[in-house]
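Single-structure report; data block below.
To find a chain, count down the sequence lines: A is the first, B the second, and so on, and within it residues start at 1.
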Amino acid sequence: MNSDKEANQETCELPIHTRDGEFLAQYSKKGLCGLSFPSRNSRNGDPLRDAPIQAQIRRWHEETTHALENALAGQPVREFPPLDLSAGTDFQQRVWKILKSIRCGKTLSYGQVADEIGDRKAVRAVGRACGANPIPVLIPCHRVLASKQKIGGFSGGLDWKRKLLAREGVLLLD
DNA sequence: TAAGTGCGTCGTT
DNA sequence: AACGACGCACTTA
């Protein structure tokens, strides 16, 4: 577990409009710490609408926006904003780091990720860690498949996983 | 073979 | 103590 769990509760949420709907990016003082898929009920009568946004966060948000646009188009992301993954456990952070290394259009199996961690038997734990990924799409947990190129699962809904993989040209077996 | 069942194993709640 | 975004061995038809 992390010691400074409650330390920075201060986060700033900003929307990102895409052809796939309105994502929501969440920033801490350290960087991008969350990204959520479009949801129907997220029309915001935003009480903090006029709150001043720090220049640094605006800059990060620009980077996030560009990164997300590329990722949604199935193209490699050139530049990332700083990512704040400090909310995750050590194990989760190890998994997420491996996910970041999977290049666009490539995939790993849950088992292969477990191998890279150094413990094949941790396969199921890897699946759990993938599901806990706070920044989907940008941290490409959708590029982790079950064995034999089967789709596996996805916390954001399997439709999203299929869509993202299809745009990167990945073929599934299912 | 294709589809279904059972169980090992590990981090998290 | 119980539960998974798994994987493998092992039934069945």
[X] [atom1] to [N] [atom2], straight-line distance once rounded to whole Å:
X        : N      : atom1 : atom2 : result
A/Leu145 : C/dC6  : CG    : C1'   : 12 Å
A/Arg128 : C/dA5  : CZ    : P     : 7 Å
A/Arg120 : B/dG11 : CZ    : P     : 17 Å
A/Phe91  : C/dG4  : CZ    : C1'   : 12 Å
A/Arg94  : B/dG11 : CZ    : P     : 8 Å

Nearest 0.5 Å, please: how far is CG in A/Leu99 from NE2 in A/His142?
10.0 Å
Side chains of [X] and [Y]: closer than 4.5 Å at any heavy-atom pair?
X        : Y       : result
A/Leu138 : A/Leu32 : yes
A/Val95  : A/Gln92 : no
A/Ser36  : A/Phe23 : no
A/Thr64  : A/Leu14 : no

Among C/dG7, B/dG11, C/dA5, which is the nearest nucleotide to the side chain of A/Ser147?
C/dG7
Select one nucleotide: of C/dG7, B/dG11, C/dA5, the one nearest the side-chain heavy atoms of A/Ala146.
C/dG7
Quick one: which residue pairs count as a ring-ring contact (aromatic ring centres under 6.0 Å, His included) with a foot in residues 59-84 of chain A, not counting sequence neighbours?
A/Tyr27-A/His61
Of the non-hydrogen atoms in A/Ser155 and A/Gly131, which two are nearest, and what is the gap between them?
OG-O, 3.6 Å
Minimum heavy-atom separation for A/Ile53 to A/Arg58, with atom names?
O-NH1, 2.9 Å
If you restrict it to nitrogen or oxygen atoms, what contacts under 3.5 Å exist between nucleotides 10-13 of chain C and the protein, and what is each distance?
none

Any sub-3.5 Å donor-acceptor pair from [X]'s side-chain atoms to [Y]'s backbone N or O?
X        : Y        : value
A/Lys30  : A/Pro82  : no
A/Lys161 : A/Val144 : yes
A/Gln93  : A/Gly88  : yes
A/Glu13  : A/Leu24  : no
A/Asp20  : A/Leu72  : no

Decide if atom CD of A/Glu69 counts as having more than 12 heavy atoms of other residues, nucleotides or ligands within a radius under 6.0 Å.
yes
Before we go on, tell me: are the rings of A/Trp160 and A/Phe154 under 6.0 Å apart, centre to centre?
no
Per-residue pairing states of DNA chain B in dot-bracket (Watson-Crick or G-U under 3.5 Å; . unpaired, | other strand) read ||||||||.||||
Which parts of residues 151-167 of chain A get close to DNA chain C, meaning a heavy atom less than 4.0 angstrom away?
A/Gly153, A/Phe154, A/Ser155
In residues 102-119 of chain A, which ones come under 4.0 Å of DNA chain C, going by heavy atoms?
A/Ser109, A/Tyr110, A/Gly111
Among A/Arg143, A/Lys148, A/Gln149, which one satisfies side chain to side chain contact (heavy atoms under 4.5 Å, CB included) with A/Leu145?
A/Gln149
Base-contact (B) and sugar-phosphate-only (S) positions in nucleotides 2-8 of chain B, heavy-atom cut-off under 4.0 Å, - elsewhere:
------B
